[in-house]
Protein chains: 2
Amino acid sequence: MEQILPHLDSVFSIDCVLFGFDGKELKILLIERNEEPFKDWWALPGNIVGPDESLDQSASRILYELTGLRGIFMEQYYAFGDPNRHPQGRVITLAYYALIRLGGDKELRPVSNYAKRANWLPITDLPRLAFDHQKIYDKGLEKIKRRIKHQPIAFELLPEKFTLTQLQHVYELIIGKKLDKRNFRKKILGFGVLKELDEKQKGVSYRAATLYRFDKRKYAKLFGKEISF
Amino acid sequence: MEQILPHLDSVFSIDCVLFGFDGKELKILLIERNEEPFKDWWALPGNIVGPDESLDQSASRILYELTGLRGIFMEQYYAFGDPNRHPQGRVITLAYYALIRLGGDKELRPVSNYAKRANWLPITDLPRLAFDHQKIYDKGLEKIKRRIKHQPIAFELLPEKFTLTQLQHVYELIIGKKLDKRNFRKKILGFGVLKELDEKQKGVSYRAATLYRFDKRKYAKLFGKEISF
DNA sequence: ATATAGTGTGTAATTTTTACACTAAGTAAT
DNA sequence: ATTACTTAGTGTAAAAATTACACACTATAT
């Protein structure tokens, strides 16, 4: 409930964990800060929520400003509001994660002034992060680990047309363990949400794999049924 | 990321969906508003986050002020921040749910001045709610529906000692469908997190059921394994 | 022609899930 | 003490899902 509206000093921001997949590794986008506090540290990209923006809009804007990308899958997952999380005052931050297919590094725009640069860094080898951003990242990874078991979010990290091996690779990276090829295929095809294309992988120096596409319409029909890995 | 700290007009509140179980029904605690906007409407209890409170502390405080209870299981689950959700200005609110065993109505303290009264109302028959509280409630229910399938939260709604039938009842109410008694028992006992007591139910006019207790230590050992209903 | 590297496929054993109905135990009423 | 009533407590067989496991095929590169 909300009654009177006092003028309070709480600042309200959004921080994003942008997960990217380049076909090999899972990476996240970090910026190198150009300002105190934590000048020269790596941090999650984020910003203040504008007065007339919805939260989701604000998250999309932050992502757009950094990458030039629109229409990316993003989800809010937690609010961090410890009174001491920011050395200069109370800042409550909402965490979003996004899932992005990386193809070439053209997605990186010139970054805004508060950062020296932005970089995609593999999650297997992250630097120390500013503020409580390690905690925010950890919780984000945990979230997608759980999500991928029940929702078709893996596709967001892949090009529209992908091979089953690529898909399996994404699952293995996120869940963090190897899966059996035959069982994986049996299961994922069993859900009936993939459309097999008349097209093969190109540019590989071995037998080319069949390409598939995620079929949203078939997925919609599944509604209510549990997907589980 | 957070840079300078501008003085912004955003107000920051917490709203709580307090789920209570009295042995029969699932209820939530609603307050009847005494102030504009939405005077005389039912609303979720909530409040402004204090300047030195953590978010979890703030949620616990709100719950304590309303019910006199401490140590209740609460979890933050979503932030609602549509620019128009509050008619008098921008209010971003964090939603928490809590799970409470109701035993006698002694838990209800005199409520603060912004409310006429507070009442536990069965979720099967809720009034129209103020602001976007219907949406907040809906998302909260959805959340515990998913949660109860993978985490031992049902026990929070029951007395320390409970019968398997009572436990099944809670599952049925939250998940929203009937379960088979034998299969339920087989499965839940199979997890090995219940301790059978040497004690029977009292005060019933039929064969008394065995009482059980949730065993946190055994549960801790399960860590990593999936519980699934 | 041959080496190489990843694709694509089936089955049997095991485990988990589902569906299903009767007897036992305690209380209340007579 | 008999009876009626109400819920507790239990097992099994069939079906479905999961696991473990290995080899032949195909495209390319040399």
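Reminder, nothing fancy here: chain letters follow the sequence lines and each chain counts from 1. Since we're looking at a predicted model, the values are computed, not measured. Computation of the quantities below employed the complete heavy-atom set of this structure, encompassing side-chain atoms and omitting hydrogens, waters and symmetry-equivalent molecules.
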Rounded off to whole Å, could you give me the [atom1]-to-[atom2] distance for the [X] and [N] pair?
X        : N      : atom1 : atom2 : value
B:Glu226 : D:dA17 : CD    : C1'   : 16 Å
A:Phe184 : D:dA17 : CZ    : P     : 18 Å
B:Asn183 : D:dA16 : CG    : P     : 15 Å
B:Gln166 : D:dT7  : CD    : P     : 13 Å
B:Leu167 : D:dG9  : CG    : C1'   : 16 Å
B:Arg182 : C:dT23 : CZ    : C1'   : 12 Å
A:Glu196 : C:dT7  : CD    : P     : 14 Å
A:Leu189 : C:dT7  : CG    : P     : 14 Å

Distance below 4.0 Å between [X] side-chain N/O and [N] OP1 or OP2:
X        : N     : answer
B:Ser205 : D:dC5 : no
B:Thr165 : D:dA8 : yes
A:Arg185 : C:dG8 : yes

Which nucleotide in [options] has an atom nearest any side-chain atom of [X]:
X        : options               : value
B:Tyr206 : C:dA19, D:dT6, C:dT7  : D:dT6
B:Arg207 : C:dT9, D:dC25, D:dT7  : D:dT7
A:Asp180 : D:dT10, C:dG8, D:dC21 : D:dC21

Which residue lies toward the 5' end of DNA chain D, A:Lys181 or A:Val204, if each is placed at its nearest nucleotide? A:Lys181

Other residues, nucleotides, ligands: >12 heavy atoms within 6.0 Å of B:Lys143 NZ: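 Yes, the 6.0 Å shell around NZ holds more than 12 heavy atoms from other groups.
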
A cation-pi test, strictly: NZ or CZ of A:Arg33 under 6.0 Å from the centre of the six-membered ring of A:Phe38 and no more than 45 degrees from its axis. Yes or no? no

Does the structure place the NZ or CZ of B:Lys187 under 6.0 Å from the centre of the six-membered ring of B:Phe229, at an angle of no more than 45° from the ring's axis? yes

Comparing B:Lys187 and A:Gln201 on DNA chain C - which has the more 5′ nearest nucleotide: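 Nearer the 5' end of the strand: A:Gln201.
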
Short question: side chain of A:His150, backbone of A:Ile227 - any donor-acceptor pair under 3.5 Å?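 Answer holds: yes.
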
Side chains of A:Thr93 and A:Asp15: do they bring a donor and an acceptor to under 3.5 Å?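 Note: A:Thr93 and A:Asp15 side chains meet the donor-acceptor criterion.
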
When we call it a touch if two heavy atoms are under 4.0 Å apart, what does A:Thr163 touch: a base, just sugar-phosphate, or nothing?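 Result for A:Thr163 = nothing.
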
For B:Lys186, answer base if it contacts any base atom (sugar-phosphate contacts may also be present), sugar-phosphate if it contacts only those atoms, and nothing otherwise; contact means non-hydrogen atoms under 4.0 Å.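 Base, at least one base heavy atom under 4.0 Å.
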
